[in-house]
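Since the structure comes first, as structure tokens, the remarks are kept for the end.
Chain naming here is simple, since letters A, B, ... match the order of the sequence lines and numbering starts at 1 in each.
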2 protein chains.
Amino acid sequence: MKLDDAAAHLEALGNPTRLKIYRALIRAGGAGLAVGRLQEKLKIAPSTLSHHIKALVVVGLVTQVRDATTLICHANYEVMRELVGFLVAECCTESAETKDTKTAA
Amino acid sequence: MKLDDAAAHLEALGNPTRLKIYRALIRAGGAGLAVGRLQEKLKIAPSTLSHHIKALVVVGLVTQVRDATTLICHANYEVMRELVGFLVAECCTESAETKDTKTAA
DNA sequence: ACGGTATTTCCAGAACTATCGAAATATGGA
DNA sequence: TCCATATTTCGATAGTTCTGGAAATACCGT
């Protein structure tokens, strides 16, 4: 993962509302959670929620699948793992300057 | 770590310039890096750099120690570890709700 | 096609962020 | 004290984000 991508992912998660959305999706597990359920849970205006979900979808942290009239949102674990991998490899070790430390995953 | 704190940390890192600053400090290791060296490295205006460093210092990701006229910046590994710990515990596992964390909020 | 539910898009305003030059401040040395 | 270096603060501007109401769109059952 490149630095700019990591920054984009971090920015997407760097908002309390979006982080709550993401955490709710993680807790929902593989079944995911409909936009409407998120709206009930978080109690924010539908347009605002849609705006934040989009920000997460754009960077790949969340995916959506339509089920009739409802849209089910899923957390994308793989992208999160890549992000955490980047942080651990590039931002956690005192000798991160050796670029080959990205092997961890 | 609380969700709002995690979001604040993620927001601080969620900017390419700030993430570069932070990574440079990690790579500098325990010796840290003076603001001026960062400025040479990243080639941004001193005022802009100061602004970004402050954002990192405010959330505790970076600390500063004065050495005569120069200010040495250090990455705070512990805060980063806490942040990664939050992400792993709350945002990486499919059954995050069944962990030692509280139930849905 | 119609009606109903689910969700997004559009619009707008307030608040915030990023940027940088210029001026101010901090520190130590001559 | 006065100067030089290092860094921050101030001020201004352009662009972006957050918010939510209203309208539009998507989909399904009948």
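The CG-P distance, from L49(B) to dT9(D), rounds to 13 Å in whole Å. Atom CD1 in I53(A) sits about 9 Å away from atom C1' in dT7(C), given to the nearest Å. Remark: C1' of dT17(C) and NZ of K54(B) are 13 Å apart, rounded to the nearest angstrom. In this structure, L13(A) places its CG atom 16 Å from C1' of dT17(D), rounding to the nearest Å.
Between C73(A) and L25(A), the shortest heavy-atom contact is O-CD2, 3.5 Å. Nearest approach of A7(A) to P16(B), heavy atoms of both residues: CB-N, 3.7 Å. Residues A12(A) and A55(A) come closest through the heavy atom pair CB-O, 4.2 Å.
Among N76(B), T17(B), L61(B), N15(B), the one residue that satisfies the side-chain contact (heavy atoms from CB on, under 4.5 Å) test with Y22(B) is L61(B). When each of I72(B), L38(B), I26(B) is checked for a side-chain contact (heavy atoms from CB on, under 4.5 Å) with L33(B), only L38(B) meets the rule.
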Quiz item: How far apart are the C-alpha atoms of L13(B) and L83(B), what are their side-chain angles, what is the distance that settles it, and do they pass the side chain to side chain contact (heavy atoms under 4.5 Å, CB included) test?
Solution: CA-CA 11 Å; L13(B) 292 171; L83(B) 176 57; 3.9 Å; yes
Quiz item: Between L10(A) and F86(A), does a side chain to side chain contact (heavy atoms under 4.5 Å, CB included) hold up when you go through it step by step?
Solution: CA-CA 11 Å; L10(A) 292 165; F86(A) 175 92; 5.7 Å; no
Exercise. Apply the test side chain to side chain contact (heavy atoms under 4.5 Å, CB included) to residues V79(A) and V59(A): give CA-CA distance (whole Å), side-chain angles for both, the deciding distance (0.1 Å), then the verdict.
Key: CA-CA 9 Å; V79(A) 170; V59(A) 298; over 6 Å; no
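Residues in residues 3-13 of chain B take part in no side-chain hydrogen bond (donor to acceptor under 3.5 Å, both in side chains) pair, two or more places apart or across chains.
Non-hydrogen atoms lying under 4.0 Å from DNA chain D are contributed by nothing in residues 5-12 of chain A. Taking every heavy atom of residues 56-64 of chain B and every atom of DNA chain C, no pair lies under 4.0 Å.
When side chains are defined from C-beta on, L87(B) counts as touching L87(A), because their heavy atoms get closer than 4.5 Å. In this structure, the side chains of C91(A) and L19(B) come closer than 4.5 Å at one or more pairs of heavy atoms.
Among the protein residues, S50(A) comes within range of the nucleic acid bases, having at least one heavy atom under 4.0 Å from a base atom.
Under the side-chain hydrogen bond (donor to acceptor under 3.5 Å, both in side chains) criterion, H52(B) pairs with R18(B), not counting sequence neighbours.
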Below 3.5 Å is the cut-off: list the nitrogen or oxygen pairs between protein and nucleotides 23-27 of chain D, distance only.
none

Mind listing the N/O atom pairs, protein and nucleotides 18-25 of chain C, below 3.5 Å?
{"residue": "dA18(C)", "atom": "OP1", "partner": "N15(B)", "partner atom": "ND2", "Å": "3.0"}
{"residue": "dA18(C)", "atom": "OP1", "partner": "R18(B)", "partner atom": "NH1", "Å": "3.2"}
{"residue": "dA18(C)", "atom": "OP1", "partner": "R18(B)", "partner atom": "NH2", "Å": "3.3"}
{"residue": "dA18(C)", "atom": "OP2", "partner": "R18(B)", "partner atom": "NH1", "Å": "3.1"}
{"residue": "dA18(C)", "atom": "OP2", "partner": "H51(B)", "partner atom": "NE2", "Å": "3.4"}
{"residue": "dT19(C)", "atom": "OP2", "partner": "H52(B)", "partner atom": "NE2", "Å": "2.6"}
{"residue": "dC20(C)", "atom": "OP2", "partner": "T48(B)", "partner atom": "OG1", "Å": "3.2"}
{"residue": "dG21(C)", "atom": "N7", "partner": "S47(B)", "partner atom": "OG", "Å": "3.3"}
{"residue": "dG21(C)", "atom": "O6", "partner": "S47(B)", "partner atom": "OG", "Å": "3.0"}

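A donor-acceptor pair is defined here as one N or O able to donate and one able to accept, closer than 3.5 Å; such a pair exists between the side chain of Q39(A) and the backbone of I44(A).
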